[in-house]
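Worksheet for the structure shown next.
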Amino acid sequence: MENKKEKPTPEAKALSLYLMAHKSSDNAIKDKSRKMNKRWDMVVAGELEKTAYQEEVQAALTFYGGYKEVIEKTVKFYIDKFGEWKSQGDDQYGVDTQQIADKLLAE
């Protein structure tokens with residue numbers, strides 16, 4: 001039996017890390033983070049369609065400025081806090097964040 005684990009999309013990963021980074025400064029973001037984590041757990045458990053979850057992710061990303069804006073705010077948060085950006089892997093999200101980190105660190 002093969003155990004196939006659901007993986008979030010780059011957009012879902014971007015939203016999740018943005019919410020995680022900013023939840024200590026805003027209760028609305030903290031609540032959104034909890035809600036999205038519960039919704040993802042429901043997807044993994046088969047209680048919610050992945051397409052419905054993706055629609056929620058897209059709506060939240062739009063609310064926070066879009067995919068690129070969310071990535072930029074997240075990377076900037078960590079650079080400001082720790083002075084660097086540690087690569088998040090070689091998936092699409094990792095590639096996108098590294099490009100933005102390189103740009104921000106060059107400024």
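Residue numbers count from 1 along this sequence. These numbers were taken from a predicted model, which means no experiment stands behind them.
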Does Phe77 form a side-chain contact (heavy atoms from CB on, under 4.5 Å) with Lys73? I'd like the steps, not just the answer. CA-CA 6 Å; Phe77 173 86; Lys73 288 176 184 176; over 6 Å; no

Work out which heavy atom in [X] is nearest to a heavy atom in [Y]; give both atom names and the distance.
X	Y	result
Leu15	Ala60	CD2-CB, 3.6 Å
Pro10	Tyr93	O-CD1, 3.8 Å
Thr74	Ala14	OG1-O, 4.4 Å

Which distance, rounded to the nearest 0.5 Å, do you find between the [atom1] of [X] and the [atom2] of [Y]?
X	Y	atom1	atom2	result
Lys86	Ile79	NZ	CD1	13.0 Å
Thr97	Glu72	OG1	CD	12.0 Å
Glu11	Gln58	CD	CD	5.5 Å
Lys30	Ser24	NZ	OG	9.0 Å
Tyr64	Ile29	OH	CD1	5.0 Å
Asp31	Arg34	CG	CZ	5.5 Å

Within 6.0 Å of CD in Glu49, more than 12 heavy atoms from elsewhere: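 Not buried by this count: 12 neighbours or fewer within 6.0 Å.
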
Check the surroundings of atom NZ in Lys50: do more than 12 heavy atoms from other residues, nucleotides or ligands lie under 6.0 Å from it?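 Yes - once you tally the heavy atoms of other residues, nucleotides and ligands closer than 6.0 Å, there are more than 12.
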
Measure from the side-chain N and O atoms of Lys68 to the backbone N and O of Ile100, and report whether any donor-acceptor pair falls under 3.5 Å.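 Pair absent, no side-chain N/O of Lys68 close to backbone of Ile100.
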
Ring-plane angle category for His22 and Tyr18, please: parallel below 30°, perpendicular beyond 60°, tilted otherwise.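 Aromatic pair His22/Tyr18 classed tilted.
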
Out of curiosity, does Leu17 fall in the hydrophobic cluster containing Leu105 (side-chain heavy atoms, cut-off under 4.5 Å, transitive links)?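 The answer is yes; both residues are in one hydrophobic cluster.
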
If hydrophobic clusters are built from ILVMFWY residues whose side chains come within less than 4.5 Å, do Ile71 and Val95 share one?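 Not linked; separate clusters.
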
May I ask you to decide whether Asp91 forms a salt bridge with Lys13, counting only side-chain N to carboxylate O separations under 4.0 Å?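 Lys13 and Asp91: salt-bridged.
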
Using the rule given for salt bridge (charged side-chain N to carboxylate O under 4.0 Å, His left out), can you reason through Lys76 versus Asp80, listing the C-alpha separation, both sets of side-chain angles and the distance that settles it, and then say yes or no? CA-CA 6 Å; Lys76 184 169 178 13; Asp80 290 348; 3.0 Å; yes

Decide salt bridge (charged side-chain N to carboxylate O under 4.0 Å, His left out) for Lys38 and Asp41; before the verdict, give the C-alpha distance in whole Å, the side-chain angles of both, and the deciding distance to 0.1 Å. CA-CA 5 Å; Lys38 285 179 185 177; Asp41 290 343; over 6 Å; no

Could you check Lys32 against Asp26 for salt bridge (charged side-chain N to carboxylate O under 4.0 Å, His left out), going step by step and ending with a plain yes or no? CA-CA 10 Å; Lys32 186 66 161 177; Asp26 186 333; over 6 Å; no

Show your reasoning for whether side-chain contact (heavy atoms from CB on, under 4.5 Å) applies to Met36 and Tyr53. CA-CA 8 Å; Met36 295 308 292; Tyr53 174 77; 3.8 Å; yes

